[in-house]
Novice: 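First the structure, which I've put down as structure tokens, then a few questions once you've had a look.
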Amino acid sequence: MTSLLDNLNPEQLAAVTLPPQPALILAGAGSGKTRVLTTRIAWLISTGQTTPHGLLAVTFTNKAAKEMLARLSAMLPINTRGMWIGTFHGLCNRLLRAHYRDAGLPETFQILDSADQLAAIKRLLKALNVDDEKYPPRDLQHFINGNKEAGVRADAADAWDDWTRKKVALYAEYERQCQKEGVVDFAELLLRAYELLTRNEPLRAHYQSRFRHILVDEFQDTNRLQYLWLKLLAGHGGPAPAAVFAVGDDDQSIYAFRGADVGNMRDFEREFAVKSVIRLEQNYRSHGNILDAANAIIANNSRRLGKNLWTEAGAGEPIRLYEALTDMDEARWIVEEIQSLIRDGAARSDIALLYRSNAQSRVLEHQLFSTGIPYRVYGGLRFFERQEIKHALAYLRLIANADDDTAFARVVNFPTRGIGARSLELLADSARTYNTSLYATVPHLAGRPAASLAVFVRLIEDMRQATRDLPLPEVIDHVLEHSGLRAHYRAEREGEERLANLDELLNAGANFISEAEDPTLTGFLAHASLEAGEHQADAGQEAIQLMTVHAAKGLEFDAVFLTGVEEGLFPHENSIQETDGLEEERRLMYVAVTRARKRLYLTLAQSRMLHGQTRYSLKSRFIDEIPPQLIKWLTPRQAAQRYYEPSLEAAHRTPPRASASVARDTGGFRIGQLVRHAKFGEGVIVSAEGSGGDAKLQINFGGSHGMKWLMLGMAKLEAV
DNA sequence: GCTTTTTGACTTTTT
DNA sequence: GTCAAAAAGC
């Protein structure tokens, strides 16, 4: 079994073979993190320190969990089925299914994904006649999830003013509604599981004595509740705590905006009195220049746990930087460069185009498309999020759990069966008075609308009867046919693809029963909520890979083009106001840079179309944080050719507009021009108002000063 | 009850 | 500039 440990570097080896005690592995980008984690599990099992049954490993994504299982199967001749390796949500779901009674849930409780949750909240606000201007559903969703992820129930939530008190009250109402319907949202899965173990002593003792080893991937991304859950399960503070092996990288924490708390790493170290902190700093991915740039950028962050990546590979090529005039020019240049890379033998799938925000992909796609280069964009709708699939699932959910109002509301009139807003309002009102679900309220109703609703209820009842003893794929098939979904999409002009997706749902069902541990309809529905389909890239597609920097985390490419490296975009202007927002942006930059193996391009545009209007920006401060000797400028340094408006071409085509007259009246200054101010330094003129002596110029000074309005008559500006 | 028009938002989003 | 959701119109 020593072969398991072959080819590990000293730090990796030390991590893998640590004695059973709390351990924190600071695994830098490309340092073999997954390898250490899986080898650790294999080592623990093969040396008899634990059994596959006695350990729990938790990840954030299904992809990571699957990969861990696959690698483990390849290392050890064991059946990984039944092992507690999965996502936080997947494991909590398993726990709650096994102990649904103790958790106070119906056997077939359903899981609301984010969209379902939002729909449920909207329905609640409507039922309670709450002004959704004052209490936007999205904000409320965020408020509820934020509290749940901090482990706070409505009855314990802080309320310091009327507005917040109202939100807490709505949170409480939402809890009641979910309980009534037998549904749980994502955060609830974790909170319920946590409360179950807190309150149920025998159950807690059982799992604590079972899982002697707990391994956590991407620990920097855990939220407060997940940390509490781990602490509880590990029996922290008890007589025989489990050995928690946490792997993470504080420098790659890019999900604080979703509640991830890097502070958990420090707390873990302190509260668990971690003696073994091991740093994996040798990088097996990138050439030296790329790592030097990444190290230099991240060094600007404070409160780091500290880490410096190094490599045995040479310095490699310089980082290439291209400054285009417009976003179109940027895209054009990138595509030309890609063509030349491909000519030199690069595989398309080894080239990635990364951007900070999704909106940036348009221009890039357009250019790739018109040049005829195959590309793939990641991050769109996932399979189980498609409308036709959600509709089909809603019928299935009603069969499994008729009280699921979200599912009811979704399909009660789809395909249309003459049940309109008015009937539904009536139904919702009586549901409130009887305190029953929409479905259960239908028999209480009288009058004309009741008839068509009764027909719908009858339809669901019939489907439930007819599918009672059928295997899952046939259940799905029956529902697709009898719900009228197939007929509806057959009649639709562009329903072809949707029909194909519905057929794909049959395949998904067939695959599910052949692989899953819980091959029931309820199991399938949970699977559909928890695993909406891959969002992340699959290797092997012969196409250029386009995605956000967030989506690129964990991936690597020979050549990476990081586009739109501009102040306001990256770092994003919205994040600069937030506490620690800039540091998170910097970590994001660090993630982006470390995706590249051999070649890294940074590109920016002096002007770009954003939200339907042209914006002018300066290069990102992050570019200035890279040592200049690592960078090769592919455009003349220092903006020798600043863009100005209107462009030369445009001037020929269109008569001078307002901006041109401003340009005339403002002492020769033009929009897009680079200027210097005695106090604020260099900036670009973004827009102008007024004329002559009263003219005001809006100037983006980037960096520390940002956007400023200056009176032309007062401010001493000089052209650069 | 369904279709068309209008309004408004617009950073990232593992489950 | 684009998309979806809300409001108005048929």
Side-chain angles (χ1 to χ4, degrees), chain A residues 58-65 86-93 111-119 122 132-133 136-138 141-142 145 148-149 184-190 217-218 220-223 225-226 252-260 327 354-363 366 378-382 384-385 387 413-414 416-424 449 452 526-536 547-554 564 568-578 581 584-585 587-589 591-592 608-615:
Chain A
V58 62
T59 63
F60 276 85
T61 64
N62 294 297
K63 193 181 177 193
T87 62
F88 277 100
H89 295 84
L91 295 179
C92 287
N93 177 52
I111 300 168
L112 302 182
D113 67 18
S114 308
D116 295 332
Q117 184 188 30
L118 188 62
K122 283 182 181 166
D132 59 3
E133 300 265 286
R138 284 198 171 281
Q141 181 179 31
H142 190 249
N145 290 341
K148 286 191 180 184
E149 279 162 10
V184 298
D185 55 49
F186 285 144
E188 185 73 24
L189 280 172
L190 293 164
D217 190 19
E218 305 278 18
Q220 77 282 351
D221 288 338
T222 51
N223 62 35
L225 179 56
Q226 286 159 341
Q252 291 189 72
S253 161
I254 56 173
Y255 286 106
F257 72 94
R258 291 176 99 259
D327 48 352
L354 307 184
Y355 33 81
R356 173 68 243 265
S357 65
N358 285 305
Q360 289 167 253
S361 76
R362 286 186 49 78
V363 217
H366 178 81
Y378 293 91
L381 261 193
R382 297 182 289 181
F384 285 111
E385 291 169 353
Q387 127 177 280
N413 198 33
F414 192 97
T416 47
R417 35 179 79 90
I419 301 169
R422 220 175 135 58
S423 314
L424 287 178
S452 37
H527 164 86
S529 298
L530 293 175
E531 212 167 324
E534 281 311 330
H535 223 166
Q536 278 211 316
M547 65 193 88
T548 63
V549 180
H550 281 93
K553 189 180 167 205
L569 241 197
F570 200 179
H572 197 278
E573 54 196 352
N574 294 3
S575 64
I576 293 174
Q577 341 288 349
E578 294 164 20
E584 177 141 321
E585 292 288 306
R587 292 192 290 269
L588 198 52
M589 182 71 185
V591 167
R608 78 169 60 237
M609 281 295 263
L610 211 64
H611 309 326
Q613 53 184 3
T614 313
R615 301 189 9 148

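Residue numbers start from 1 in every chain, and the chains themselves are labelled A, B, ... in the order their sequence lines are given, proteins ahead of strands.
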Novice: Partners of A:Arg608 by salt bridge (charged side-chain N to carboxylate O under 4.0 Å, His left out), sequence neighbours excluded?
Specialist: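 Here the qualifying residues are A:Glu330, A:Glu566.
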
Novice: Using the test side chain to side chain donor-acceptor pair (under 3.5 Å), find all partners of A:Ser423 that sit at least two apart in sequence or belong to another chain.
Specialist: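 Side chain to side chain donor-acceptor pair (under 3.5 Å) list for A:Ser423, sorted by chain: empty.
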
Novice: Which residues pass the salt bridge (charged side-chain N to carboxylate O under 4.0 Å, His left out) test with A:Glu188, sequence neighbours left out?
Specialist: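 Per chain and number, A:Glu188 pairs via salt bridge (charged side-chain N to carboxylate O under 4.0 Å, His left out) with A:Lys148, A:Arg153, A:Arg192.
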
Novice: Determine the minimum heavy-atom distance between A:Gln226 and A:Asp221, stating which atoms define it.
Specialist: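 Closest approach of A:Gln226 to A:Asp221, heavy atoms only: OE1-O, 4.0 Å.
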
Novice: Expected output check: what is the dot-bracket annotation of DNA chain B, where ( ) and [ ] are pairs inside the strand (brackets for crossing ones), | is paired with another strand, and pairs are Watson-Crick or G-U under 3.5 Å?
Specialist: ||||||||||.....

Novice: Under the ring pair (Phe, Tyr, Trp, His ring centres under 6.0 Å) rule, collect the residues that match up with A:Tyr355, sequence neighbours excluded.
Specialist: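 Result, ring pair (Phe, Tyr, Trp, His ring centres under 6.0 Å) vs A:Tyr355: none returned.
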
Novice: Could you list where the contact with chain A starts and ends along DNA chain C, reading 5' to 3', using a 4.0 Å heavy-atom cut-off?
Specialist: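 Result: C:dG1 to C:dT2.
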
Novice: Aromatic rings A:His527 and A:Phe384: how do their planes relate, parallel, tilted or perpendicular, breaks at 30° and 60°?
Specialist: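 It falls in the perpendicular class, over 60°.
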
Novice: For B:dT13, is there a stacking contact with A:Tyr255, counting only centres under 5.5 Å and planes under 30°?
Specialist: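 The base of B:dT13 is not stacked with A:Tyr255 (the test needs centres under 5.5 Å and planes under 30°).
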
Novice: Just the atom pairs and distances: protein N or O near nucleotides 8-11 of chain B's N or O, under 3.5 Å.
Specialist:
from	atom 1	to	atom 2	distance (Å)
B:dT11	O4'	A:His572	NE2	3.2
B:dT11	O2	A:Arg356	NH1	2.8
B:dT11	O2	A:Arg356	NH2	2.5
B:dT11	O4	A:Glu578	OE2	2.7

Novice: Among residues at least two apart in sequence or on other chains, which ones pass salt bridge (charged side-chain N to carboxylate O under 4.0 Å, His left out) with A:Glu584?
Specialist: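 A:Glu584 satisfies salt bridge (charged side-chain N to carboxylate O under 4.0 Å, His left out) with A:Arg587 once adjacent residues are dropped.
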
Novice: Would you please name every residue forming a ring pair (Phe, Tyr, Trp, His ring centres under 6.0 Å) with A:Phe60, sequence neighbours left out?
Specialist: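 Checked A:Phe60 against ring pair (Phe, Tyr, Trp, His ring centres under 6.0 Å); matches are A:Phe88.
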
Novice: Could you list the residues that satisfy side chain to side chain donor-acceptor pair (under 3.5 Å) with A:Arg362, not counting sequence neighbours?
Specialist: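 Counting only residues at least two positions away or on another chain, A:Arg362 forms no side chain to side chain donor-acceptor pair (under 3.5 Å).
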
Novice: Tell me whether the side-chain N/O atoms of A:Arg382 come closer than 4.0 Å to OP1 or OP2 in B:dT13.
Specialist: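 Negative; the distance criterion is not met.
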
Novice: What's touching nucleotides 2-7 of chain B from the protein side, N or O pairs under 3.5 Å?
Specialist:
from	atom 1	to	atom 2	distance (Å)
B:dC2	OP2	A:Asn413	ND2	3.4

Novice: For B:dT13, does OP1 or OP2 lie under 4.0 Å from any side-chain N or O of A:Thr548?
Specialist: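 Yes, within the criterion.
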
Novice: Is there a donor N/O on one and an acceptor N/O on the other, under 3.5 Å, for the side chain of A:Arg258 and the base of B:dT14?
Specialist: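 Counting by modelled atom types and ignoring angles, no donor-acceptor contact under 3.5 Å is found here.
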
Novice: Got a sec, which residues hit side chain to side chain donor-acceptor pair (under 3.5 Å) with A:Glu149, two or more places apart in sequence or on another chain?
Specialist: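 None.
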
